[in-house]
Amino acid sequence: MRQRNKPWAKEKLDQYPQYVISAPEQHKGKWQEVFEKNQPLHIEIGTGKGRFITGMAKANPNINYIGIELQDSIIVTALDKIIEEELSNVKLINVNAEDLREFFANFEVDRVYLNFSDPWPKTRHAKRRLTYKTFLNIYEDILVDHGEIHFKTDNQGLFEFSLMSFSEYGLLLKDVSLDLHNSQFEGNIMTEYEEKFSSKGNRIYRCEVQFK
Ligand code: SAM
């Protein structure tokens, strides 16, 4: 995601410790203590500007959410949405998904969302795709038994790669849509990228996969 550098972003993130968790490794294995209610924990990796995670948190007060985003200049917009809505069941962490094992204990997470992940189209960059097998291995560790990944993208190449990667890893393909916005799926919450690319006429692909 291209984003103007915001030198003040880090400082703003630090001003809202109730929403942005600055030392996430300290909460490994005890994330429930950070939330008001003890309830299932869903994480979104590559949260971007936070439309999805805040929409989900509002629609599902019985779930705790953590949005994970690498870039402080982007996650700061997600923070604005949480402040505006005063949401108590969503937190943000400004870290790299490669390091998720440092922040979450085995079996601590109930679901992983990946929305419009960077496609890294060059073959030599395949390892950077968030659906590459090394990332699936991380998700398998932190997810509960039979945990699920829910994935959306408008990028056909990334979707095809990801279906292959899920299948080769041994994940169960539970629900696959090749045109989400013209499907029976109810309760879809659009991300910023989804809004932008679907309005240009791009089809949205979605799948739910489950570890066996
Ligand atoms: N999910 C949002 C949406 O649909 O509007 C943002 C999509 S954007 C294409 C991908 C986002 O993932 C970027 O904001 C990027 O910084 C973030 N990202 C990419 N790799 C990441 C990683 N390894 N860990 C955390 N965030 C990552």
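Every number for a ligand or one of its atoms is a count from 1 in the order of the listing. In this chain, residues are counted from 1 in sequence order. Small disclaimer: the values here were computed from a predicted structure and weren't measured.
Just one residue in the list Gln32, Lys91, Lys37, His42 forms a side chain to side chain donor-acceptor pair (under 3.5 Å) with Asn64, and that residue is Gln32.
Checking only distances, Ile74 never comes within under 3.5 Å of ligand 1, N or O to N or O. Ligand 1 has no nitrogen or oxygen under 3.5 angstrom from a nitrogen or oxygen of Glu194. No N or O atom of Leu130 sits closer than 3.5 Å to an N or O atom of ligand 1. Remark: ligand 1 and Asn115 share an N or O pair separated by less than 3.5 Å (distance only, no angle test). Considering backbone and side-chain N/O of Phe135, none are found under 3.5 Å from N/O of ligand 1.
Listed by number with element, the atoms of ligand 1 under 4.0 angstrom from any heavy atom of Ala97 are 22 (C), 23 (N), 24 (N), 25 (C). Per-residue contacts place Phe116 under 4.0 angstrom from the following atoms of ligand 1 (heavy atoms of the residue considered): 4 (O), 7 (C), 8 (S), 9 (C), 10 (C). Contact atoms of ligand 1 toward Glu192: 5 (O) (distance under 4.0 Å to a heavy atom of the residue). Near Gln71, the atoms of ligand 1 lying under 4.0 angstrom from a non-hydrogen atom of the residue are 16 (O).
Note: His125 and Trp120 have perpendicular aromatic rings, judged against thresholds of 30 and 60 degrees for the angle between ring planes. Classified by interplanar angle (parallel below 30°, tilted 30° to 60°, perpendicular above 60°), the ring pair Phe151/Phe166 is perpendicular.
No donor-acceptor pair closer than 3.5 Å links the side chain of Glu108 to the backbone N or O of Ile142.
Tyr169 and Glu140 are linked by a side-chain donor-acceptor pair at a separation below 3.5 angstrom, with hydrogens and angles left out of the test. With 3.5 Å as the limit, one finds no donor-acceptor pair spanning the side chains of Lys58 and Asn89.
Counting only non-hydrogen atoms, the option in Asp99, Thr191, Asp118, Asn96 that gets closest to atom 22 (C) of ligand 1 is Asn96.
The neighbour count for Lys28 NZ, taken as heavy atoms of other residues, nucleotides or ligands under 6.0 Å away, is above 12.
Ion pairing between a basic and an acidic side chain is recognised when a charged N comes within 4.0 Å of a carboxylate O; Glu44 and Arg51 show no such pairing.
Using a 4.0 Å cutoff on heavy atoms, Val95 counts as a contact of ligand 1.
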